[in-house]
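So the structure is just underneath, and the comments pick up after that.
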Protein chains: 2
Amino acid sequence: MRVSTKFSDTIHLLAFISVYQNIHITSAVIATSINTSPVVVRRLIGTLKEAGVVMTDAETHNPIFAKSPDEITLLDVYLLTEGHTPLFALDKETNPLCIVGANIQDVLTEIYHDAETAALMELDRHTMQDVIDRLLTADKVKKAQAASA
Amino acid sequence: MRVSTKFSDTIHLLAFISVYQNIHITSAVIATSINTSPVVVRRLIGTLKEAGVVMTDAETHNPIFAKSPDEITLLDVYLLTEGHTPLFALDKETNPLCIVGANIQDVLTEIYHDAETAALMELDRHTMQDVIDRLLTADKVKKAQAASA
DNA sequence: AATTATTGTAACCACAAAAGTTACGGAGGT
DNA sequence: ACCTCCGTAACTTTTGTGGTTACAATAATT
């Protein structure tokens with residue numbers, strides 16, 4: 001399957017508007033960083049605005065956080081962008097006249113739910129602020145390594 | 001694009017060959033239960049045989065378990081069928097000239113790995129025997145309810 | 001031995017979800 | 001007035017799936 005990158009791209013976008021809040025941010029600028037098109041970026045921002053995660057800064061007109069980055073977890077972002085798609089897909093067309101076909105969906109729904117919840121709890125442990133902090137640290141390390149080489 | 005049901009279908013198939021081991025099982029019979037085509041079933045069985053999970057019974061020629069159902073976890077089945085697809089997709093085309101684009105992949109790889117591992121650990125807690133037991137119980141309950149109605 | 005049933009594969013097709021593209025009206029700043 | 005950018009709609013492209021067709025090989029049945 002072509003796996004959706006909306007979740008990753010939205011995190012990227014949020015990190016971007018935090019790190020580069022001192023420059024003039026347009027959808028085209030963000031698109032260059034994500035390596036996509038400005039329209040795609042505007043769509044992502046649209047979802048974030050609708051959810052009250054992002055708003056337009058009155059002065060700079062940049063997109064800015066409407067909530068503090070450490071109040072936004074990756075689970076929040078996930079639910080906004082891909083929450084409709086289950087991590088594990090059920091086959092909904094099984095034969096109801098067969099013991100297995102008639103009951104497998106219920107059994108798998110329970111188990112999948114537990115597994116999915118475990119993953120989502122993990123996403124909920126990380127905030128956007130964590131991601132931004134990690135990014136900046138990773139960048140410092142990379143720069144230092146380049147300088148000493 | 002279509003969501004993959006290989007994982008669910010393979011669990012279904014394994015449960016089927018356990019529950020119906022007393023009848024003559026062909027790929028067409030299994031296909032009727034999963035509601036798919038015999039060729040698709042043969043492909044799934046092919047993967048299972050290759051992995052040593054299933055073999056052909058010398059007498060009946062039915063596909064049978066090559067390992068005990070309580071030694072096969074859902075994680076084993078998952079890795080066989082969809083192990084190549086990450087649960088959370090990275091965008092691999094980010095711009096390396098940007099602080100965010102250059103480092104976001106590393107940061108997300110770490111976090112996604114933790115979340116994915118949490119889900120897979122949960123899958124590893126359930127064996128095929130669990131699934132079969134649950135199926136049969138669910139069926140008994142359903143039949144009893146139908147009789148008393 | 002001939003016939004029938006089934007498997008294992010390969011090659012090809014159809015479908016659907018996602019992203020990318022084009023287009024354009026509207027808002028705001030200069 | 002002009003320019004830039006946003007928001008949105010409509011359309012196209014891409015690509016992983018499952019489904020289909022086809023056929024040689026194998027085994028059971030007569």
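All values below were derived from every heavy atom in this structure, side-chain atoms included, with hydrogens, water molecules and symmetry-related copies excluded. As the structure is a prediction and not an experimental result, all values here were calculated from the model. Within every chain, numbering begins at 1; the chains are lettered A, B, ... in the order of the sequence lines, protein sequences first and strands thereafter.
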Base, sugar-phosphate, or nothing for [X], non-hydrogen atoms under 4.0 angstrom?
X: B/Ser27; value: sugar-phosphate
X: B/His24; value: sugar-phosphate
X: B/Ser37; value: base
X: B/Thr56; value: nothing

Find which nucleotide of DNA chain C each of A/Thr5 and A/His61 is nearest to by heavy atoms, and output the residue with the more 5' nucleotide.
A/Thr5
Among side-chain atoms of A/Asn103 and B/Asp139, is any donor-acceptor pair under 3.5 angstrom?
yes
Before accepting this row, confirm whether a basic side-chain N of the pair B/Arg134/B/Asp130 lies closer than 4.0 Å to the acidic partner's carboxylate O.
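A salt bridge is absent here (no side-chain N lies under 4.0 Å from a carboxylate O).
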DNA chain C: stems of at least 3 consecutive Watson-Crick or G-U pairs whose donor-acceptor distances fall under 3.5 Å:
C:1-30 with D:1-30
Value in whole Å for how far the P atom of C/dA18 lies from CD of B/Glu93:
19 Å
Are side-chain heavy atoms of B/Ile45 and B/Ile30 found at a separation under 4.5 Å?
yes
Write down the atom of A/Ala115, the atom of B/Leu123, and the distance for their closest heavy-atom approach.
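In this case the closest contact between A/Ala115 and B/Leu123 is CB-CD2, 4.0 Å.
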Is it true that atom NZ of A/Lys140 has more than 12 heavy atoms of other residues, nucleotides or ligands lying nearer than 6.0 Å?
no
Assign the ring pair A/Tyr112 / A/Phe88 to parallel, tilted or perpendicular, where the plane angle (0 to 90°) is split at 30° and 60°.
tilted
